[in-house]
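Below, chain A is the first sequence line, B the second, and so on; all start at residue 1.
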Amino acid sequence: MRVGRWLLVLVPLVLLGLERPPVLPHAPAPDPRALVPRVVPIPPDNPQTPAKVELGRRLFYDPRLSLDGKVACASCHRPEFAFSDGGNPVSVGVFGREGTRNAPTLTNVAFRRRLFWEGRSPRLELQAVGPLTAHHEMGMEPEALARRLSSIPEYARAFQEVFGEPPSLKNVAFALAAFERTLLSYNSPFDRFVAGDDRALSPAALRGMELFFSERGDCFHCHVGPEFTDDEPRNTGLYTVYPDVGLARITGRDEDVGKFKTPTLRNVALTAPYMHDGSKKTLREVMEHYNRGGEPNLNADPLIRPLGLSESEVDDLVAFLESLTDAQFISNPALLPSR
Amino acid sequence: MRSWAVALWIGLWAGALAAPVELKVNLRVGEAPLEWGRVYQTPMGQRYRIDLLKFYISELALVRPDGKEVRVEGLALAEFRRGGPTQGVSVMRFEAPPGEYRGLRFDVGVPRELNHLDAATQELPLGVNSGMYWAWNPGYIFYRLEGTAFLGGKEEKWVVHMGTDAFRIPVRLHDLQMRRVRLEVPPRGTSLVLNLDVGRAFLPGPNGAFLDWQQPRLRQLHGMSPETAMVMAVVYYHMLSAFSLAR
């Protein structure tokens with residue numbers, strides 16, 4: 001049984017390790033991008049160029065993209081919180097209009113197969129259109145956005161250089177997507193442990209990792225692989241009656257009520273509060289929710305059940321989740337506003 | 001000389017086969033033309049203003065007296081903004097054989113085969129620059145009506161975004177049975193004028209449900225969301241009869 005459990009732990013780790021270049025233990029921390037072994041998928045119609053990424057970075061931090069000139073992408077995706085909304089359960093958009101959902105982290109968003117909490121947007125170029133135009137986010141009409149950016153000489157010039165045409169909503173979304181594909185984070189203590197640094201994880205985090213990848217803790221079935229998510233929508237028994245129906249908002253099906261996309265856990269210690277509505281303030285609250293088996297709900301995923309973990313085991317799981325924090329990711333100058 | 005005659009013959013035939021037709025729309029609230037900035041009242045006593053209307057027209061066809069159809073390819077995006085015209089606004093141009101018709105039919109919406117393509121690769125009137133792409137719900141908003149409600153001393157924005165394949169609105173303005181509709185397309189071409197009563201969206205449904213802006217969740221009416229589906233179904237029901245042929 002013990003051997004079986006370790007196999008469950010080791011097989012995913014070995015698979016992760018196979019994808020990574022060897023990193024010597026205790027070596028000076030390399031550039032995070034050097035640790036990225038995965039090939040970022042780039043759509044053929046939006047090739048990545050340095051100029052486009054730079055334009056995307058400028059746009060990402062520019063509040064002039066919003067109707068009242070006060071809300072940038074970075075207002076709700078703040079770099080110091082791993083590009084999430086730093087303590088706010090839901091975000092506030094133009095004219096103080098409040099949203100209904102928690103802004104997710106953009107950590108490794110290039111690898112998300114599905115975007116938004118329902119997971120119904122297939123690519124970053126299309127996803128970006130949502131917040132740019134949504135009434136309670138940035139509230140811009142395509143024509144107004146094009147007019148505003150065209151009136152700013154540096155943008156008019158940059159769009160001409162990058163796209164060979166004036167600013168448009170589509171080009172803004174394409175540039176933002178190019179920048180977002182550089183938000184890569186693979187230098188957490190967990191990554192260093194996988195790369196061979198035996199001292200990267202604390203004893204509590206090691207115990208938590210064993211639980212995480214075990215049938216007892218049962219986290220890894222949904223938070224799977226190097227991205228710690230399978231991008232699938234699930235009902236986690238957060239409520240018996242969901243005020244926000246999730247995936248059912250789109251499908252209209254009863255069985256989809258309360259289903260939201262499984263989020264990545266990379267940098268999760270930086271992205272509180274948690275769940276689609278930011279209703280759980282701390283990782284411990286989240287762990288306690290899963291340990292209890294959630295609230296009764298007919299749509300709850302079959303994996304949601306009382307786990308019977310002790311208090312110290314819950315602490316260990318939290319310690320492991322904290323080991324997924326990549327400190328270099330949030331201070332990487334290439335990802336911060338240009339000076 | 002002979003080739004001249006052939007060209008003339010072809011030209012005459014082409015003229016007979018295709019006359020230019022322009023589809024125009026008048027916006028109404030009840031019987032009266034819509035006026036931007038004017039405050040109207042719903043049958044349930046709530047005061048509102050219309051700020052924006054955009055919708056797609058597709059699957060257009062003219063219906064011949066024998067029931068056969070002359071189908072028109074393509075789709076159009078009709079746009080009405082504050083300050084712009086609301087009467088006799090040209091929304092689509094096409095060609096049709098001259099002759100007598102018993103009406104027309106079209107859908108408010110985007111055909112399924114276009115609705116689910118990658119919007120980043122589509123051009124206007126589709127595509128992300130249309131202002132109709134629904135980022136979180138792959139596909140387009142078919143009918144986008146936005147305005148302001150005046151609730152006590154407070155102004156609240158509201159939107160009706162009708163979309164998803166289930167909410168494509170079939171508009172049928174033909175009558176073969178009673179022959180009350182007769183459209184003539186002369187060889188020189190014509191305009192077909194529609195009235196659209198935007199106020200019908202605010203009528204109560206047979207079940208008594210209505211678009212009640214006092215309820216914050218009903219100020220954002222989107223697609224098939226079960227939270228608001230009952231009211232969206234009511235709006236859809238009334239939209240089925242919101243278009244008519246102008247006399």
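Contacts between Arg219(B) and chain A at a heavy-atom distance below 4.5 Å are absent for every atom of the residue. For a residue to count as touching a neighbouring chain, one of its non-hydrogen atoms must lie under 4.5 Å from one of that chain's; by this rule Thr228(B) does not touch chain A. Arg253(A) does not touch chain B: none of its heavy atoms, backbone or side chain, sits under 4.5 Å away. For Thr100(A), no part lies under 4.5 angstrom from a heavy atom of chain B. The contact between Gln127(A) and chain B is made entirely by backbone atoms, counting heavy-atom distances below 4.5 Å. Within the 4.5 angstrom heavy-atom criterion, atoms from both the backbone and the side chain of Ala119(B) approach chain A. Contact of Thr133(A) with chain B is not made at all, since no heavy-atom distance falls under 4.5 Å. Of the two parts of Pro243(A), only the backbone, made up of N, CA, C and O, holds a non-hydrogen atom closer than 4.5 Å to a non-hydrogen atom of chain B.
Remark: Tyr237(B) OH is loosely packed, at most 12 non-hydrogen atoms of other residues, nucleotides or ligands lying under 6.0 Å away. Atom NZ of Lys157(B) is surrounded by more than 12 heavy atoms from other residues, nucleotides or ligands within 6.0 Å. Annotation for Asp118(B): atom CG counts as buried by contact number, over 12 foreign heavy atoms lying within 6.0 Å. Environment of CZ in Arg172(B): crowded, with over 12 heavy atoms of neighbouring residues, nucleotides or ligands closer than 6.0 Å. Atom CD of Glu154(A) has more than 12 heavy atoms from other residues, nucleotides or ligands within 6.0 Å. More than 12 heavy-atom neighbours from other residues, nucleotides or ligands sit within 6.0 angstrom of CD on Glu113(B). Shown here is Arg93(B), whose CZ atom has no more than 12 heavy atoms of other residues, nucleotides or ligands within 6.0 Å. Annotation for Glu31(B): atom CD does not count as buried by contact number, only 12 or fewer foreign heavy atoms lying within 6.0 Å.
With respect to the salt-bridge test (charged N to carboxylate O, under 4.0 angstrom), the residues Glu141(A) and Arg82(B) do not qualify.
The side-chain heavy atoms of Glu146(B) and His135(A), taken from C-beta on, include no pair separated by under 4.5 Å.
Contact between Asn129(B) and Lys170(A) at its shortest, heavy atoms only, is OD1-N, 2.8 Å. The heavy-atom pair separating Ala135(B) from Ser121(A) by the smallest distance is O-CB, 3.4 Å. In plain terms, the two heavy atoms of Ile250(A) and Trp136(B) that are nearest each other are CD1-O, 3.1 Å. Of all heavy-atom pairs between Ala120(B) and Leu126(A), the closest is N-CD2, 3.5 Å.
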